[in-house]
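Computation of the quantities below employed the complete heavy-atom set of this structure, encompassing side-chain atoms and omitting hydrogens, waters and symmetry-equivalent molecules. The model shown is predicted, which means the values in this text are computed figures rather than measured ones.
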Amino acid sequence: MSSQGEFSGTELLRTRVLFVAAALWNFAGAIPGYFDSAGAFTRMFGGSLDQPTMLAIYRGGWAAALVFAIGYLIVALRPTRHTGIVLIGILGKLLFATDYFTMYQAGLTTSLALIIVAGDLVFTALFVLFLVRVKRLGLPIL
């Protein structure tokens with residue numbers, strides 16, 4: 001058995017593409033969110049972000065998204081070795097999607113939130129399918 005478990009070459013490539021795509025998805029939100037926090041806040045919530053404490057908190061949330069993006073790149077290198085990152089990613093994406101959908105329903109965000117929710121739910125489903133495949137191959141999840 002190789003360090004990649006029983007994944008075939010094609011399956012391993014598809015899995016790596018999935019996690020690189022997940023990293024790019026996170027980078028697409030996290031880079032503007034972190035480096036242009038006030039602008040990102042305005043696009044998402046339609047208001048201004050002028051309190052220093054709220055700016056720091058909002059930027060911190062995007063810093064976490066940057067860390068997840070780096071984690072997905074690590075998973076892409078050795079998918080079956082880094083399933084713990086995938087589990088945490090599932091939880092993070094579900095919590096983020098739930099919060100943003102709830103805020104959208106309450107009229108607190110722009111429709112941009114729905115794009116984020118949909119994308120995160122798609123990646124959540126694909127991550128779950130990846131873990132199911134790992135388990136079916138008889139490989140450990142953790």
Side-chain angles (χ1 to χ4, degrees), residues 1-47 49 51-142:
M1 182 181 301
S2 73
S3 64
Q4 297 304 320
E6 298 294 326
F7 276 45
S8 69
T10 302
E11 188 174 23
L12 180 58
L13 177 62
R14 283 194 314 256
T15 301
R16 286 180 167 159
V17 167
L18 165 64
F19 287 105
V20 168
L24 293 174
W25 172 256
N26 271 49
F27 282 133
I31 289 172
Y34 185 80
F35 293 103
D36 179 23
S37 299
F41 187 88
T42 299
R43 288 186 294 278
M44 180 60 64
F45 299 102
L49 187 59
Q51 294 179 350
T53 303
M54 291 307 297
L55 176 62
I57 291 168
Y58 190 71
R59 184 175 288 142
W62 286 115
L66 281 170
V67 170
F68 272 106
I70 294 165
Y72 299 142
L73 291 176
I74 291 169
V75 174
L77 293 173
R78 292 177 128 183
T80 60
R81 181 176 180 161
H82 299 294
T83 53
I85 294 172
V86 179
L87 285 170
I88 294 168
I90 290 169
L91 180 60
K93 288 196 173 301
L94 283 176
L95 291 172
F96 199 81
T98 300
D99 286 345
Y100 269 65
F101 187 69
T102 300
M103 287 189 290
Y104 177 77
Q105 285 185 311
L108 300 174
T109 67
T110 65
S111 58
L112 181 58
L114 295 178
I115 295 169
I116 294 169
V117 168
D120 275 1
L121 291 177
V122 166
F123 280 109
T124 296
L126 293 171
F127 289 2
V128 167
L129 289 173
F130 163 75
L131 291 178
V132 167
R133 178 67 178 140
V134 167
K135 195 66 178 164
R136 284 189 180 154
L137 289 171
L139 300 170
I141 298 296
L142 288 177

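- Around the CZ atom of Phe45, the shell of radius 6.0 Å holds more than 12 heavy atoms that belong to other residues, nucleotides or ligands.
- Contact between Phe130 and Val86 at its shortest, heavy atoms only, is CE2-CG2, 3.9 Å.
- The distance between the ring centers of Tyr100 and Phe96 falls below 6.0 angstrom.
- The line from CZ of Arg78 to CD1 of Ile74 is 12.0 Å long, rounded to the nearest 0.5 Å.
- For Pro32 against Arg43, the heavy-atom pair with the smallest separation is CB-NH2, 4.0 Å.
- Among residues two or more places apart in sequence or in another chain, the salt bridge (Lys or Arg N to Asp or Glu O under 4.0 Å) test is passed with Arg133 by Glu11.
- Heavy-atom minimum distance, Phe101 versus Val117: N-CG2, 3.7 Å.
- When all heavy atoms of Asn26 and Ala65 are compared, the pair lying nearest together is ND2-O, 3.2 Å.
- Other residues, nucleotides and ligands contribute more than 12 heavy atoms inside 6.0 Å of the CD atom of Gln105.
- Between atom CG of residue Leu131 and atom CG of residue Leu126 there is a gap of 11.5 Å, rounded to the nearest 0.5 Å.
- Here the shortest heavy-atom pairing between Ala97 and Asp120 reads CB-CB, 4.3 Å.
- Residues Tyr72 and Phe123 keep their aromatic ring centres 6.0 Å or farther apart.
- Counting only distance, with no hydrogens or angles, the side chain of Thr109 and the backbone of Met44 share no donor-acceptor pair below 3.5 Å.
- Annotation for Val20 and Ala76: closest pair CG2-CB, 3.8 Å, computed over non-hydrogen atoms.
- Distance check: Tyr104 OH to Ile115 CD1 gives 10.5 Å after rounding to the nearest 0.5 Å.
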Which donor-acceptor pairs under 3.5 Å do side chains of residues 52-64 form with protein atoms, sequence neighbours excluded?
residue	atom	partner	partner atom	Å
Tyr58	OH	Trp62	NE1	3.2
Arg59	NE	Tyr34	O	3.1
Arg59	NE	Ser37	OG	3.4

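- Atom NZ in Lys93 sits 13.5 Å away from atom CD1 in Ile88 (nearest 0.5 Å).
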Atom pairs and distances, side-chain donor-acceptor, residues 135-142, under 3.5 Å, sequence neighbours left out:
none

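- Put simply, OG1 on Thr124 and CG on Leu91 are 9.5 Å apart, with the number rounded to the nearest 0.5 Å.
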